[in-house]
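First up is the structure itself, then whatever we jot down about it.
Atoms considered below: every heavy atom in the structure, side chains included; atoms not considered: hydrogens, waters and symmetry mates.
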Amino acid sequence: MIFMIRPAARVRQILVPAPNIHAVTLASLYPPTAPLRTHALPVSGGHVLHVEESGSADGTAALVLHGGPGSGCSPLLRRFFDPARYRVICVDQRGSGTSRPRGETAHNTTAGLLCDLRALQRHLGLDRWLVVGGSWGATLAIAHACDAPQAVSGLLLRAVFLARADDTDWFFQGARAVLPAAWQRFAAVAPADRRGDLLAFLGDAFARAGANADAGECESLALAWWRWEQAMARPAAAVDDASTPEAPAGDALAALVDRYRVQSHYLRHGCWLTQRPLLERCAQLPSVPTLLLHGCEDRICRPDGAAAVHARLPHSRLAWVDGAGHDPTHAGMAAAMVTALDAFAARGHFDAEVAR
């Protein structure tokens, strides 16, 4: 059942009820598929992007933008798409995933990423694509749609992040009131006199790592950041659940250090979205089918960001997923993503019910 909420005549919001998350797993997703083809796309500043296409070569083109910044694409991201109906394009952004050089922050800005998306579209010979992004990926999706509105056929934005100073301050400092014990463990990696600005401390440390600083120190910092992120990403009822993922080690831990180097680089610069804030840019968005999905219990990207974007876009729909935090694999969120993408593949819009 979907509950319609109409706080104003021009906005439409729906509530997707929570499933039994202990009984439902990732069964909502499509089976894993191998890439159809891969590309190594050289771009400016010495970066080479890793791009994977999967699904159907003549399917509806869909660009997938990963979060982070710095995370890189996961095979999980293409499992939200029906491989028989979509041509799924996953790109590792500069310094991310298997793009080269991994963890590089030089010549790595939001403006550079927008140029890269234009270059990728030309490289693939595509006129338009559905753009799907979560968290930072939703940020970049909005920025791309403003930068190249003619290139976008629709927007599916999960857990939108506006990259405002308040959003970043909340994650590193403000959320201590929500998870005080977990924050104290996180903050303990910094000297006492630097715990008032953890982002600055971490950014300095990861920048030194790029200059061959102590790798062991950066691994410890990355693990502390990762554990805090894991605690923040889960719904409140699941914070103490024993199913917390095993901590990365080996190559995965080295990749995590590179990820947080890129992420701290972006966040310390306000993701280069301070002079023209993302909300102001929304006026430039094309009037294409636009759906925002947001977990009611998302503590990393708080729900007010999605509500603010929705209020700026009279043609958009906003779906609150009950019981979901920031994790895209939450059963309710996964089901909502699949249902929305199935609707767009079938009809070219999201006006069908979001919840099954």
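Residues Val48 and Leu114 fall into different hydrophobic clusters, defined by Ile, Leu, Val, Met, Phe, Trp and Tyr side chains chained together at heavy-atom separations under 4.5 Å.
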What do the steps show when you test Arg78 against Thr33 for side chain to side chain contact (heavy atoms under 4.5 Å, CB included), and what is the final call?
CA-CA 8 Å; Arg78 56 178 177 255; Thr33 57; 4.0 Å; yes

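Taking the ring centroids of Tyr260 and Trp226, they lie at or beyond the 6.0 Å cut-off.
Residues Asp116 and Arg94 are paired through a salt bridge, judged by an N-O separation under 4.0 Å between the basic side chain and the carboxylate. Salt bridge Arg208/Glu217: present, at least one basic N to carboxylate O contact under 4.0 Å. Residues Arg164 and Asp304 are paired through a salt bridge, judged by an N-O separation under 4.0 Å between the basic side chain and the carboxylate. A salt bridge links Asp204 with Arg268: the closest approach of a Lys/Arg side-chain nitrogen to an acidic carboxylate oxygen falls below 4.0 angstrom.
A donor-acceptor contact shorter than 3.5 Å links the side chain of Arg261 to the backbone of Phe206. The backbone N or O of Asn108 lies less than 3.5 Å from a partner atom in the side chain of His265, making a donor-acceptor pair. Although no hydrogens or angles enter the test, the distance criterion places no donor-acceptor pair under 3.5 Å between the side chain of Ser135 and the main chain of Gly137. At least one donor-acceptor pair under 3.5 Å links the side chain of Arg312 to the backbone N or O of Leu279.
Side chains of Gln93 and Trp136: a donor-acceptor N/O pair is present below 3.5 angstrom, by distance only.
From Phe344, atom CZ reaches atom CG of Leu130 across 4.5 Å, with rounding to the nearest 0.5 Å. Note: Thr110 OG1 to His269 NE2 = 10.5 Å, rounded to the nearest 0.5 Å. Atoms CD1 and SG, on Ile89 and Cys73 in that order, are 11.0 Å from each other to the nearest 0.5 Å. In this structure, Asp127 CG and Arg122 CZ are separated by 13.0 Å, a value rounded to the nearest 0.5 Å. Distance check, rounded to the nearest 0.5 Å: CG of Leu65 to OG1 of Thr139 gives 10.0 Å. The OG1 atom of Thr98 sits 4.0 Å away from the CG atom of Asp92 when rounded to the nearest 0.5 Å.
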Could you list the donor-acceptor pairs under 3.5 angstrom formed between side-chain atoms of residues 286-296 and any protein atom two or more places apart in sequence or on another chain?
residue, atom, partner, partner atom, Å
Thr290, OG1, Val288, O, 2.9
Thr290, OG1, His315, NE2, 3.4
His294, NE2, Cys301, O, 2.6

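Note on residues 31-80: pairs passing ring-ring contact (aromatic ring centres under 6.0 Å, His included), not counting sequence neighbours, are His39-His123. Among residue pairs with one or both ends in residues 147-158, those qualifying as side-chain hydrogen bond (donor to acceptor under 3.5 Å, both in side chains) are Arg118-Asp147; sequence neighbours excluded. The salt bridge (Lys or Arg N to Asp or Glu O under 4.0 Å) analysis of residues 177-188, with sequence neighbours excluded, yields no pairs.
Relative ring orientation between Trp225 and Phe171 is described as tilted, the plane-to-plane angle lying within the 30° to 60° band.
In terms of heavy-atom proximity, Ala159 sits nearest to Asp298 at CB-OD2, 3.5 Å.
For Tyr86, the ring-ring contact (aromatic ring centres under 6.0 Å, His included) partners are Phe81, not counting sequence neighbours. Taking the side chain to side chain contact (heavy atoms under 4.5 Å, CB included) definition, one finds that Arg176 meets it with Trp183, Gln184, sequence neighbours left out.
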